[in-house]
Amino acid sequence: MNMMTEAAVEKALDQKMTAAPYKMIGKDVSVYYGEKRALFDVNLNIRENTVTALIGPSGCGKSTFLRTLNRMNDTIDHCRVTGKITLDTDDIYDPQIDVVELRARVGMVFQKPNPFPKTIWENVAYGPKIHGLARSKADLDVIVEQSLQKAGLFNEVKDRLHEAGTGLSGGQQQRLCIARAIAVSPEVILMDEPCSALDPIATAKVEELIHELRANFTIVIVTHSMQQAARVSQRTAMFHLGHLVEENDTDKMFTNPDDQRTQDYIMGRFG
Amino acid sequence: MSASFLFLLVLLIGFGAYLMARARAIAASQGRSASLHSLPGYHGAYVAIWTILPATLVLIVWSLVGPQMIDREARLSLPTEVLQQGAAPVELAMGQVRAVARGLPLLTDTERAALEAGTLDVRATLATKGVALAGDTQPYMIKSAQKLNALSGTSTIAMTAVVLALSVAGALWSLRSISQRFRARNRVERVILAALVVASSIAILTTVGIVGSMLSEALRFFQSVSPTSFFFGTVWDPRFAAAGSTGSSGQFGLLPLLAGTLYIAFVAMLFAVPVGLFAAIYMSEYASRPVRSIAKPLLEILAGIPTIVYGFFALVTVGPFLRDISAELNGLVTGNYTNFIQAQSVLTAGIVMGIMLIPFVSSLSDDIITQVPRSLRDGSLGLGATRSETIKRVVLPAALPGIVGALLLTASRAVGETMIVVLAAGVAARMQLNPFEPMTTVTVKIVNQLTGDLEFTSPQTLVAFALGITLFTITLCLNIYALYIVRKYREQYE
Ligand SMILES: Nc1ncnc2c1ncn2[C@@H]1O[C@H](COP(=O)(O)OP(=O)(O)O)[C@@H](O)[C@H]1O
Ligand SMILES: [Mg+2]
């Protein structure tokens, strides 16, 4: 009687997540590339220990919004961001904020796996070394192993930690990049279409990994696959032409969306 | 009719043939241009090629060979007494004959009559017409000159006739084959291919010829000087002997020159590599677009300055400056105002050559660094690395093989550089390590050995070829290795 089915536990967990407090708050976020405006006053909050999926047709500004969350837009010439984004209580666009520190707290995984042309070990140790998270090589070894464990890659690569990371398969490379991001113990992990370059089996592994990571991290994922959004996320935000159309519980979003445009997109009428 | 005018005429005929062929092809298509195998333009080009190419080839050959044959005929028409006097007098007489032949058409009728009667002062008359003769003419010269003129007249007429006939025949013959299904396109393609092959063979054959002649001259050198004493000799003292004397042959040790070459190249790289590399990093990673668009071309202008300009910059500015400042320094420290840096020195040549090499290092490395994919930079920045950490730990290591290749290419330029070292390094062939003293290089010695009045058979001059081929081998190896590395690097990111 007290024994809930596994599905029920998941469900309860999901509901708890949905009600989780906000980790990041975006208020009136607009982005311009030179003269061109790519985002229009987006108000979107990211809940703690939740997977938030950003969906929408290509070119609608999903990646752009994602990049505002760790200020990767700073690296693009001519790109200007207005509005306010907070992480916990810190305004991340405050001039006092150290971008480098921010990016250590808000990590990022990219569309195409981009391991450095170094060994697997060095790839994972890269972030901790830069931020001085380890005092000795032994410490580093521990961090590398734990990160690879969490990324579900350790067993596959434990015998060749000192071989080139670029020699792994695409899916392994992407999980290596996730391990690399985890290694600096971020609070939020941003993922921009992390599976779009992977085959279905590798995709399944990464999705499973995202599922597990949610316990320790807040995750924002851009995806062009509605099935993926439905599978991995608890909250979903739909963008269209630079506007945030709707943000809702994933279940509700895919069964009974509030906005007609969301419905059209999900039914495959555009995009 | 002159050859160039004739060529123009052939071109004109070719153009006419082109238009005709096009018209014919269009007519053959019967209004449906898709029914033609080739576009009308190809038919035109095909006929134009047949009209122009054979005629032009004949024209070229005739213009080259004809005058020589005529000259020989005229020579044979000289009296036997002259012919028996040997090569030099015959050549002199022929010079006179040619000059008279040039002058004859300028004479007026009365003068010509006087000439026939033998009463004309040919030299004085021609001088008034602007044709200078070296000496007084003999009657036989007039005869030969007339024969010469007659022959060239005939030759020109014949050439004109043959070339025009060939051109028209080519046009008519090729026009006949035009039809709907005629594959003019493929034929034209073949001619283009042939032209390309000819062009590349010219380039390749020239290289082979140059290397071959250098090799054979170098082998001649090694007949009088043993390769061991050349390649391992430590003394360079070619001792110019008086022409003809064979007694003293001097010593031809390569090592002091090679040491100087490598030392100066090394000093140059010491200046060029850090500056060039940092400039490249700034240009590719930090500079904003407006800065880049101005600064990069400016840097590249530096690469366009002729090296002789760097050479006298070294000679009149850098060298004396280093000398004076070393004297001042010495004076301040020891009270003795003598300079310890010579005006011509390894340091002077090295610094100036280094400045010359900066743009090579920077633009080659810039290309390589920009080829490192943006995703790697993003990956590093996304982990919270700073710009410079990203460059130091990700971008440069990734670009390293390519940069090494670029540096090797630059080194090969440094080794082969001539004008700067001729002016700035000095001529003393010495083996020593003090960068403030003059040393000399392989290229300087090549220049030295080949300038002046010298026989081209003595080891003193032939050694230049041995030096040249040595230098060539070094730079070739450097280049091949560098290109190999750079190519491997490119493949890594494709
Ligand atoms: N670096 C850039 N420079 C200029 N315009 C850009 C840049 N990146 C994206 N954009 C523009 O911003 C809009 C949103 O792009 P993006 O965020 O990449 O869309 P999505 O990820 O949803 O496909 C597009 O119209 C795109 O053309
Ligand atoms: Mg995108």
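Letters go in sequence order (proteins before strands), and every chain restarts at 1. For the numbers below, each heavy atom of this structure counts, side chains included, while hydrogens, waters and symmetry mates do not.
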field: Within 6.0 angstrom of B:Arg413 CZ, more than 12 heavy atoms from elsewhere
entry: no
CZ/B:Arg292: more than 12 non-hydrogen atoms of other groups inside 6.0 Å: yes
- prompt: Side chain, backbone, both or neither: which part of A:Val106 has a heavy atom under 4.5 Å from chain B?
  reply: backbone
- prompt: Hey, what do you get for CE (A:Met108) to CG (B:Leu381), rounding to the nearest 0.5 Å?
  reply: 11.0 Å
- prompt: Rounded to the nearest 0.5 Å, how far does CG of B:Asp378 lie from CZ of A:Arg67?
  reply: 8.0 Å
field: B:Glu300, CD atom: more than 12 neighbouring heavy atoms under 6.0 Å
entry: yes
message: If we define contacts as heavy-atom pairs under 4.5 Å, which of A:Arg71, A:Lys129, A:Arg180 has the most with chain B?
response: A:Arg180
- prompt: Looking at A:Tyr126 and B:Thr390, what are the two nearest heavy atoms and their distance?
  reply: OH-CA, 3.9 Å
task: Please flag which part of A:Pro113 lies under 4.5 Å from any non-hydrogen atom of chain B: side chain, backbone, both or neither.
output: neither
message: Would you say CZ of A:Phe154 has more than 12 non-hydrogen atoms from neighbouring residues, nucleotides or ligands within 6.0 angstrom?
response: yes
- line: Okay, B:Arg374 and chain A: the region with an atom under 4.5 Å from a heavy atom over there is side chain
Contacting region of A:Arg105 [heavy-atom separation from chain B under 4.5 Å]: neither
- prompt: Near A:Gln149 CD, under 6.0 Å, is it more than 12 heavy atoms from other residues, nucleotides or ligands?
  reply: yes
Within 6.0 Å of OH in B:Tyr286, more than 12 heavy atoms from elsewhere: yes
message: With a 4.5 angstrom heavy-atom cut-off, is it the side chain or the backbone of B:Ser380 that approaches chain A, or both, or neither?
response: both
Smallest separation among heavy atoms of A:Val100 and B:Thr386, with atom names: CG2-CG2, 3.5 Å
Portion of A:Phe110 that has a non-hydrogen atom of chain B nearer than 4.5 angstrom: side chain
- prompt: With a 4.5 Å limit on heavy-atom distance, are the side chains of B:Arg393 and A:Ile130 in contact?
  reply: yes
- prompt: So with a 6.0 Å cut-off around OH of A:Tyr32, is the heavy-atom count from everything else above 12?
  reply: yes
message: Tell me whether the count of non-hydrogen atoms from other residues, nucleotides or ligands lying under 6.0 Å of CZ in B:Phe278 goes above 12.
response: no
